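Reviewing the structure listed below.
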Number of protein chains: 2
Amino acid sequence: MGKGTKERILFSALKLFSEKGYLGATTREIAKEAGISEVTLFRHFVTKENLFISLLNKHSFLPILKELIKDYQSKPLKESLVAIATAFIKQLRENKALVKIMHAEFNRYPEPIKKVYKNLIEDTISELARYFQNFQKRGEIISIDPYILAQAFLGLFYSYFQCEEIGESERNVKFSEDFIISTYVEIFLKGLLIP
Amino acid sequence: MGKGTKERILFSALKLFSEKGYLGATTREIAKEAGISEVTLFRHFVTKENLFISLLNKHSFLPILKELIKDYQSKPLKESLVAIATAFIKQLRENKALVKIMHAEFNRYPEPIKKVYKNLIEDTISELARYFQNFQKRGEIISIDPYILAQAFLGLFYSYFQCEEIGESERNVKFSEDFIISTYVEIFLKGLLIP
DNA sequence: TTAAAGTGAAAGTAAGCACTTACATACAAA
DNA sequence: TTTGTATGTAAGTGCTTACTTTCACTTTAA
C-alpha cells in the first residue's frame, strides 16, 4: 500500500480526533479530510479503534524518551533531566488538543483504548524509573522507589504544561521557559542528592 | 404532570451528563437512572437538547447573581464583591463535572445549545456590568467599559477555580479560601478606585 | 363516580455510524 | 501480456440512538 496514504490518514485523524474527540469524529469525515475513500481507511487500519491506537503510539513520548536516555547516558544528570523535561513539554504542546480531549472523554473510551493509553503512560514512567535506578545503584542519588520518583518528575512538568493553558490571556513572559525548566530540575535534584 | 418526576429526571440527567457528557449520555440511561420510562422523559422535555438546556438554566449563576445584587444593594462594594465571588466559586464547584465536560465538548454541540450557553455567560457578565455601572455613575470607581470590568472580575475567579482543579495532589491549604477571595477582591478594587 | 392527566410497556421509525462486500480501474513489475 | 497491488464507487449490513405511536393502567380532582 502507498505509504503516503497511510500518513495522510494519520494526519487527518489527528486533526479530527483533536477537534471532535474519538467519539465525535467519524471515519467518513476522516477519509474525506484525507482525500481518500472510507474503504481505503479501513483497508489500512481495519478498525477505528486501531487507527486511534496507531495515533497514540505515533505521538507517544516513550520513543523520544528512549532516544534521549541513550544519547545522554554519559552526560551529567542535571543536563539529561533538563533535556527530558524540555522534550516532554514540547511533545505535550504539539499534541495539546489531543491530550486535552483525551482526558475529557477518557472514561467513555472502549476498554482496549483505555488499556493502551494506561500502558503507554506506565511504560514511559517505568523507562524513566529505570534510568533513575542506575544513578541510585551508583550511589549518586537517594534510594526512594524509582517509579514514584519518575512519576513525580513527569507530573511536575505535566502540571506546568496545564497551568500554561490557563494563563492564556496573560502570557506570563517574565521568565523564559528554559529558565523555569532549569529551576524546576534543580529543585527536584536538590531533593535527591545524598547529603 | 407530577413535579417530582421532572425533578428526578433533571437530577439523573445532571449526573449522567456530568459523567458521560451530553453526547455520551443516552436518554434511555437517564430515564432508567431516574426510575421512569424513556417515554415519560420525552413527554416532559420533548427533546434531549431541551433537557440539557433546562439543566443549563437551572444551574446557571445568573439568578444567584441577581439575588445577590438585590440583597447587597446598600452594602459597600467590597463586601458585595466578596459575596459574589464566593457564590460564583461555590456554584462552579457544585457543577464541576458539568463545567469541565462542557468545555471539552463545546465545539461539538449542536448550534442551539452553544447559543444558549453563550447567552447565559453574556447575560451574567452584562448583569454584573450593570451593577458596576451604578458605581461608575456615582463616581465611586473609574469609567472603564463596565462589560470588560465584569468579564475580568469573573475571569479572575474562574481561573482560581481552574487552578484548584490541578493542584489535586498538593492540596494547598496554606491560606483559607476566604482569605484568598478577599485578597483578590482588594487587589481588583484597588485598581478601580478614583485616585 | 367519572373524567382528565400522568405513567409504563412494547413496538416501531428514521437516521447515523462502524464496517463489509463486490466490482471496476489504474499502474507497475515479471 | 499477465499478475499483483492500491485505490475508488456503490450498495448494503447490523447496531445504536433519538424520538414516536399505541394502548392499557393508575392516580387525582371535580
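FYI, side chains are in, hydrogens and waters are out, and symmetry mates aren't considered; it's all heavy atoms of this structure. Since the model is a prediction, treat every value here as computed from it, not as a measurement. Residue numbers start from 1 in every chain, and the chains themselves are labelled A, B, ... in the order their sequence lines are given, proteins ahead of strands.
If you measure from atom NZ of B:K6 to atom C1' of C:dT7, you get 15 Å, rounded to the nearest angstrom. When rounded to the nearest whole Å, the span between CD1 of B:I113 and P of D:dA18 equals 12 Å. Across the protein-nucleic acid pair, B:N50 atom CG and D:dA18 atom P stand 15 Å apart, rounded to whole Å. Atom CZ in B:R108 sits roughly 13 Å away from atom P in C:dC17 (whole-Å rounding). What separates CG of B:L41 from C1' of D:dT20 is a distance of 14 Å, to the nearest Å.
Under the side chain to side chain donor-acceptor pair (under 3.5 Å) criterion, B:E122 pairs with no residue at all, not counting sequence neighbours. Partners of B:F157 under the ring-ring contact (aromatic ring centres under 6.0 Å, His included) rule, at least two apart in sequence or in another chain, are B:F153, B:Y184. Partners of A:E177 by salt bridge (charged side-chain N to carboxylate O under 4.0 Å, His left out), not counting sequence neighbours, listed by chain and number: A:R93. Residues forming a salt bridge (charged side-chain N to carboxylate O under 4.0 Å, His left out) with A:E67 (at least two apart in sequence, or on another chain): A:K70. Legend: residues meeting side chain to side chain donor-acceptor pair (under 3.5 Å) with A:Y109, ordered by chain and number and at least two apart, are A:E105.
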| message | Quick one, A:E38 with A:K32, criterion salt bridge (Lys or Arg N to Asp or Glu O under 4.0 Å). Give me CA distance, side-chain angles, the key distance, then yes/no. | response | CA-CA 7 Å; A:E38 199 184 358; A:K32 195 179 174 189; over 6 Å; no
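Among residues at least two apart or in separate chains, salt bridge (Lys or Arg N to Asp or Glu O under 4.0 Å) pairs with a member in residues 180-192 of chain A are A:K78-A:E186. For residues 130-144 of chain B, the set of pairs meeting the side chain to side chain donor-acceptor pair (under 3.5 Å) definition, not counting sequence neighbours, comprises B:S80-B:Y131, B:E127-B:R130, B:R138-B:E140.
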Output a table of nitrogen or oxygen pairs between the protein and nucleotides 19-25 of chain C separated by less than 3.5 Å.
| unit_1 | atom_1 | unit_2 | atom_2 | d |
| --- | --- | --- | --- | --- |
| C:dC19 | OP2 | A:K48 | N | 2.5 |

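Listed pair A:T40 / D:dT7 fails the phosphate criterion, with no side-chain N or O lying under 4.0 Å from OP1 or OP2.
Within residues 12-26 of chain B, the residues approaching DNA chain D are B:A25, B:T26, by heavy-atom distance under 4.0 Å.
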